[in-house]
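In what follows, every chain begins at residue 1, and chains take the letters A, B, ... in the order their sequences are listed. The analysis underlying the following values was restricted to heavy atoms, covering all of them including side chains, and did not include hydrogens, waters or symmetry mates.
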Amino acid sequence: MKKWQSAVILTVLAILIIFGSVFGFVSLDNGELGIKDYTAYIKNISLGLDLSGGVYAVYEVDESKLTDEQKDNLSSLISGTMASLESLLFSKGYTEAQVTESNGRIRVEIPDEEDPERIFNLIGRPSSFEFKEYVDGAEGDLSLDDASGKVKLEEKFTGSDIANAGVSYNSESGYYEVSLRFTEEGTEKFSTATSALSGSKLSIWINNEFVIAPNVNSAISGGAASISGNYTYDQAYDLAVRIQSGSFPLVLKMSESNTLTATLGSSAIKAGLISGIVGLVLIFLYMIVMYKLMGLAASLSLWYYSLTYLFFLAVFPWVQLTLSGIAGVLLSIGMAVDANVIIFERVKEEYKSGKSLYNAMRIGFKRSLGAIIDGNMTTIIGAVVLIIFGASTIKSFGITLLIGIILSLLASLILTRIIIKCFMAFNTEAQARLFGLKRTVDDFSDEEENAIEQAESEKALVEPISYGNKKKGGARL
Amino acid sequence: MKKLLNAKIVEKHWIWAIAPVIIFLVAVIVFTSFAVTNKDVTKGMNIGIDFAGGSILTVELGSDILNDKSKYDEHYKAIENILTSSDIAKQVVEIAKEMGIEISESAAVASISYVQTSGSGGEMSLVIKYDNISSTFDNATNDLTTERNKLLENQIKSYYETNYADAGVTISTSYIGATASADLIKTALIAVSVSLVLILIYIMIRFEVLSGVAAIMGLIHDVAMMVFLVIIFRIQVNSAFIAALITIVSYSINNTIVVFDRVRENKKKEIGGSKSMGRIRNAIVDNNKIVNASVMQTLTRSINSTITTMVAITLFAIIGTASVREFALPVIFGLVAGFYSSLVIAPSLYCLMKNSIDKRKLMDRDGAVKKDKPKYAGVKN
C-alpha cells in the first residue's frame, strides 16, 4: 500500500469515527448549529421492561372454560385474543404495549407506566359478554337465562360480535358515552334484536353479571351504537374496556403481574454506560501497552465496533436491551478484542521465528483465522439457539449477542487489518519495535525451520514448529 | 521460557481437580447447613422470587431513612407487623371460605423470605419479598393471594398515610405465580442442552471427537462452578442467573477452542505431510507433550482475553446496583471457571481419554505385528 493511499484511508476512517461518536452520543436541541431536533442514536435503543420500568402481566387461558371446539383450534384463538388485546391496549393509549405469546401463555408488557392496574384487572376478569332483554328487578339475577323464556332475542349476541368499544364525549349532555362498533355479523344480529326490543330495555351482561340496561329508542342497523348513561370519563372508560375485553375469543386468567420501577433501570443504564466507557479506555491502554501500534489499530477498530454495535442495536426493531443485554454488550467488548489478541500473539510468534514484518503480519492473520472462526462459530450456535428457543427477553439477548459477534468478526478481521496495513505503509522494516514485535531468538526456535520458512514464505506451506526443538524434544521430556 | 514450554500440565490432572472439588464440597456444606437449619431443602439455595413464586412489596423511603439503622428498624418492624398480622390472616381465611377454599390461618400469613434495600438517594426503597399462599399454581389460590396482597398493601398504605402523611411514601406490590418460572427454567434447560449438543457436534466435525467431549465437559465444569459459587455466596437464583448461565455457555467455549485449535495445528505439524483431518484424528502422537505445549503457547492470549473481558463486567458489578450484581457476579465466576477449565481441565481430560485409546490401539497393533514397538514412550502411563 502506498503512503498516500494509507493517508486517505486513515483520514476517511477518522472522519467516520468522529461522525459516529457525535451522532451516537450528542443530541442537538432546537436551533443549535442550525439543526432541529436530533436525538443521539444511542437514545433510540429500545429498552426492555426491566430497564424502562413499567408493568407486565402474564395471562393463561382458563382451560376449565374451554369448549371442545375451542380446544381444537386453540392456537388460532390465542392469536385472535392477542390481536384483540393489542387493539384494546392501543386504543386506550398504550401504544408502546407489547403482547407476546409463549407456551400458550400471553404476556402483556406496558413500558413507562406506573399504574395501569385498572386495565390489567379488567383484562383478567372477562369471561363472556351478552345482550339480553331487560326485565325489571332482574339485575344480578343469574336465573334469568335462555331457558327461563324471558329472553326474546332470537340469536344470542356475544362479545365476538363487537369489533370495538371506545369512549366518546357527548357535548350536548356534557357526559361521556361508550361507543360500540359491531362486526358485519354483529350488525345484523343487533339490528334484528333492537327492532324486536324497540321501546323497551336491553340489558348487558358481562361474566353473567348484570352491567347496565340502556333504553332501545329505535332499531339500530348502522353497525354502531352508543351507550349513554351520564358517565364520567373513568366510568365510560372502564365500561368500554370491560365490553371490549368481553369480546376476546378466550377467557383469560392472570397468572403473574409485576410493576418495575424505572429507577432500577436508569441506574443500571448509567452503570452500564460508565463501565462500558471506562472499560473501553482501560482496554485501549492495555492493548497499546501490550501491542503498541497493533494495539492502537485494535483500539481504533474496537471504538468503531462499539459505535456500529450501538447503532445496530438502535436500528433493529426486534432488539430490546435488557439488563442481561447490557452485560452481553459489555462482555462483547472484551470478546471483540479477543480475536485481535489471538492474531497479535500469533504475529509476535511468527516475527520471533524470523519472518519479515510483512510476512509475520500476513501469516499471523492467516493462521489465527481457524481458531477465531471456530471459537465464534460456537458462540453463534449458542446465540441462534437462544433466538429459536428463548422467550421474549432471552430471544432479544440472543439477537444482541449475534449482532455483536458478527460485527466483532468484521472489526477484528477486516478493519484492524486495514488499519495495520495503513500503519505499515509509514514504517520500515526496522521499525517493527513500534508494533511491539521483538526478534529475541530463544534457544527453542528452530533455525533450520526458519530457513525453510523464509524460502517458502510466499507459498506459506510450511508450518513453523515453535513448541520445542523437534530433534531434542523427546530427550527433554 | 524453555521450562515453561515444557511445563507438565496434563500430567498433573489430580492437582487440577483439587480446586473444583473443594468448591464442590464447600457448596455441599453450605447447602446442607442452610437446608437443615431451615428444615427445607429448597432453602439450601437462595432461590429468587421468579422461581419460587411470591410477592414483592416495595416501599420507597429514601436513603435518609434506610441508611439510618434505628429508623430502618422502626420502619421494617412496622411493615413486618402488618405483613404477619393475624387480623389480615383471619380476613383471608374468611375470603377463602367464601371462595370455597379451606385454609388455616397460619397458611394465610405472609412469611417474609427476603429483605433488601435497592436504589439510591431519595428513591432508595425497602424491598420485601414474601411467599404466596400456595406455591403450586391454581386459579383459586392465585386469586386468594392477590386478595391478601391487596389487604396488606392497603393496610401499609394507611399506616403511612396516618403516620407519615407528609413523606409521600410510594408503595407498590407485585405478584409472581410459580408456573411462569417453571416455564422459564424449562425453556432455559432446553436452550442450554440444545446448544451443548450442537456445539459438541460442531467441535467433533472441526476437531476430534475427544476434543468435543473434553470441551463440553469443561463447559459443564464452568456451569457447575457457577452454581456452586452461587450457593456458597448465597446469591439469588433467578431469571437473571439463567441468563448468566446461558451467556457463559456461549462465551466460555471460546478459550477451549483456541487451545484445541493449537493442538490440532501442532499435531498437523508433528505428523507432517497430509493435512486431512482424518489423518490428524487417527495419528498416534505424544499427546501430553503436544497438549502441554499448546496450552503454554496460548497462555498469554488466554490471560489477555480474560482480562479484557473481565474489565467492563467487573466495573459493572462494582458500580451497579444489587440487581446488576446478582447478574454480573455469576458471569464473573463463570469467566474465571472458564479460564481455568480451558487451561487445565479440558486439556487434561482430553489427554486422559486420548492416551487410553491410543494405548489400546498400540496394543492391538503390537499384537498383530510383534516387531513394532510403541512409537512413544510417553503414552504408557
- Task: Check the pair A:V337, A:S412 against side chain to side chain contact (heavy atoms under 4.5 Å, CB included), reporting the backbone distance first and the verdict last.
- Result: CA-CA 7 Å; A:V337 97; A:S412 54; over 6 Å; no
Would you kindly say whether [X] and [Y] are connected by a side-chain donor-acceptor distance under 3.5 Å?
{"X": "A:Y291", "Y": "A:N340", "value": "no"}
{"X": "A:S332", "Y": "A:Y305", "value": "yes"}
{"X": "B:S294", "Y": "B:N266", "value": "yes"}

Using a cut-off of under 4.5 Å on heavy-atom pairs, state which of [options] scores highest against chain B.
{"options": "A:V329, A:L280, A:I283, A:V384", "result": "A:I283"}
{"options": "A:G382, A:S368, A:G375", "result": "A:G375"}
{"options": "A:D374, A:T379, A:N376", "result": "A:D374"}

May I ask you to name which of [options] has the most heavy-atom pairs under 4.5 Å with chain A?
{"options": "B:F207, B:Y202, B:F260, B:F327", "answer": "B:Y202"}
{"options": "B:M310, B:R264, B:R301", "answer": "B:R301"}
{"options": "B:V192, B:N254, B:V194", "answer": "B:N254"}
{"options": "B:L196, B:T256, B:T300, B:V258", "answer": "B:T300"}

[X], part contacting chain A, at a heavy-atom distance under 4.5 Å:
{"X": "B:I307", "value": "side chain"}
{"X": "B:L335", "value": "side chain"}
{"X": "B:V249", "value": "neither"}
{"X": "B:I257", "value": "side chain"}
{"X": "B:I199", "value": "both"}

- Would you mind reporting whether A:I343 and A:I372 have side-chain heavy atoms less than 4.5 Å apart?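 In contact.
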- pair B:I271-B:V285: side-chain heavy atoms closer than 4.5 Å: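 B:I271 reaches B:V285 side chain to side chain.
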Atom group of [X] that falls short of 4.5 Å from chain B, counting heavy atoms:
{"X": "A:L282", "value": "side chain"}
{"X": "A:I277", "value": "neither"}
{"X": "A:V278", "value": "both"}

- Output, in order, the C-alpha distance, side-chain angles, deciding distance and verdict of salt bridge (charged side-chain N to carboxylate O under 4.0 Å, His left out) for B:D261 and B:R206. CA-CA 9 Å; B:D261 171 76; B:R206 291 282 296 160; over 6 Å; no
- Item | Under 3.5 Å: donor-acceptor pair, side chain of B:S305, backbone of B:S302 |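 Absent.
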- Query: Step by step, would you call A:R346 with A:E350 a salt bridge (charged side-chain N to carboxylate O under 4.0 Å, His left out)?
  - Reply: CA-CA 6 Å; A:R346 197 63 204 235; A:E350 300 296 335; 3.2 Å; yes
- Message: The test is salt bridge (charged side-chain N to carboxylate O under 4.0 Å, His left out); show your working for A:E345 and B:R262 and say whether it passes.
- Response: CA-CA 12 Å; A:E345 280 302 313; B:R262 201 38 97 89; over 6 Å; no
